[in-house]
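So the structure is just underneath, and the comments pick up after that.
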Amino acid sequence: MSALTHEKPDLLGMLPEEIDALFRARGLASYRSVQVVEWLFQHGARSFDDMTNVPKSLRSECAEHYSVTDLKILKVQVSQADRTRKFLLGLSDGAMVETVVLPEGKRSTACISTQVGCAFGCPFCASGKDGLARNLSVGEIVDQARRARFHPDIGNLTNIVLMGMGEPLANYEATAKATRIFLHERGFALGKRRVTISTAGYLPGLEKLAEDDLPVRLALSLHATDNATRNRLMPINKKYPIERVLEACNHLLLSRRTPLTIEYMLIEGHNDSLGEARRLAGICQSLRAKVNLIPWNPISSSRFRSPSEERILRFQAELRKAGVLAFIRRSRGADIDAACGQLRASSTTKKA
Ligand code: SF4
């Protein structure tokens, strides 16, 4: 399931040193690639024509040989409750993805998609309702973050979470390279561990991450503490059961010191008992993980419900009693369907 391949190499999908090497191979002075890289990642240039201090002849040469991904902003919705912004972005093949930006004071976090749709079909999540259409390219992942970073109404973009539509680790190469661009001092220059990769427990991807040297944070969407419940809520668990996923996270913690956050969506009557809170506490203790509790966010025609406030607080208290850092992540942007599990792929591409 490969990403759309552009006819011309996409500079937005390249690390700065790869762009340097391309320019060197064309016999261009090194400061020219420095200029182009700055335009792409520090000024948000959407085409070579935007690069006004680059000679026109070089801009034409670049346009002849290279491309720059330019996602179209089709719609922007702003939450009245908390100023969360959701962008509907059009890709060059007509498919669409959603990106969410969560403001916090003068800072903001962008929640980026890595696939059009999702193959794993969790019944509580809108993103997998239409299955997987395709992977996003590096440039398509990076340009979502650029849309957020250079939007006039968005404050300083300090954090990126690869947690939107899709399973980031199932599109590993593109996710890892985009992450390197976010962290690169000539890219987005985000601080170490300002990028979080989220996973539903895709074991082959966790194994690749263990072989890699990415200084990222990992968020595991666990949502259940036993295989029977998790099989119902997250079908991926049938292939990669809890114990193997937790073992892989433990390996990452020991070998790479990758900090782990467990995301746990609370769904009434499915995973919100005190017994489950105790089991979750045990898991968090063994992995030195903190936990974000996410009261379930409504999606249309769903049979699920969020637990009552009292039950949510009791669940949190049980975790805290065991010494686990447990936070309740209140819905952000729920009034514009921008909260966890609410993003939806709109695609005109066919499922493969
Ligand atoms: S929760 Fe994650 S893995 Fe499950 S369908 Fe949604 S995007 Fe896919």
Side-chain angles (χ1 to χ4, degrees), residues 1 86 88-89 95-100 110-136 140-141 144 160-172 174-175 178 196-206 209 217-225 227 229-242 244-246 248-249 260-267 270-271 291-304 306 329 331-334 337-347 351-352:
M1 181 77 45
K86 183 171 77 168
L88 178 66
L89 298 167
M96 292 176 256
V97 291
E98 292 183 320
T99 300
V100 175
C111 178
I112 307 279
S113 297
T114 51
Q115 297 182 309
V116 181
C118 180
F120 297 123
C122 304
F124 58 82
C125 173
S127 301
K129 291 275 177 239
D130 299 323
L132 174 66
R134 70 169 171 89
N135 283 331
L136 295 184
E140 288 167 337
I141 297 172
Q144 292 174 65
I160 291 177
V161 292
L162 293 141
M163 201 184 267
M165 282 188 291
E167 162 58 46
L169 294 184
N171 183 13
Y172 188 85
T175 294
T196 300
I197 295 180
S198 165
T199 181
Y202 184 69
L203 203 54
L206 285 168
L209 194 57
R217 307 182 76 87
L218 183 67
L220 171 66
S221 297
L222 192 64
H223 305 330
T225 56
N227 281 317
T229 309
R230 199 163 190 265
N231 285 347
R232 280 197 304 276
L233 293 178
M234 304 189 78
I236 190 176
N237 193 73
K238 292 176 193 161
K239 192 154 185 198
Y240 308 117
I242 286 185
R244 291 181 61 202
V245 170
L246 296 181
C249 291
L260 179 70
T261 300
I262 287 180
E263 307 287 334
Y264 194 93
M265 186 163 278
L266 283 164
I267 305 174
H270 287 268
N271 62 2
V291 59
N292 285 329
L293 300 171
I294 310 160
W296 181 78
N297 294 303
I299 56 172
S300 58
S301 67
S302 174
R303 63 184 191 278
F304 296 124
S306 175
R329 259 199 17 217
S331 284
R332 304 278 312 264
D337 287 348
C340 278
Q342 291 185 316
L343 299 191
R344 187 85 200 249
S346 303
S347 168
K351 276 203 279 177

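Excluded from the calculations below are hydrogen atoms, water molecules and symmetry mates; all remaining heavy atoms, backbone and side chain alike, are included. Along the sequence shown, residues carry numbers from 1. When a ligand or atom number is given, it counts from 1 through the structure's own listing order.
- Interface of C122 with ligand 1, defined as ligand atoms under 4.0 Å from a residue heavy atom, comprises 1 (S), 3 (S), 4 (Fe), 5 (S).
- Within the 4.5 Å cutoff, side-chain heavy atoms of E140 are placed close to those of R134.
- Side-chain atoms of N237 come within 3.5 Å of backbone N or O of I242 as a donor-acceptor pair.
- Checked by atom type, the side-chain pair E167/T114 shows no donor-acceptor distance below 3.5 Å.
- Here the protein heavy atom with the shortest distance to atom 8 (Fe) of ligand 1 is C118 SG, 2.3 Å.
- A donor-acceptor pair under 3.5 Å links the side-chain atoms of T175 to the main chain of P168, judged by distance alone.
- The presence of a protein heavy atom under 4.0 Å from atom 4 (Fe) of ligand 1 is confirmed.
- Within ligand 1, the atoms closer than 4.0 Å to a non-hydrogen atom of G121 are 5 (S), numbered from 1 in the order shown.
- Note on ring orientation: taking the six-membered ring where Trp is involved, the planes of H223 and F124 are perpendicular (angle over 60°, cut-offs 30° and 60°).
- Listed for the R230 side chain is a donor-acceptor partner under 3.5 Å among the backbone atoms of L222.
- Residue C125: no N/O/S atom is found under 2.8 Å from atom 8 (Fe) of ligand 1.
- Those atoms of ligand 1 that come under 4.0 Å of a heavy atom in A200, given as number and element, are 3 (S).
- The shortest heavy-atom distance from S221 to ligand 1 is not under 4.0 Å.
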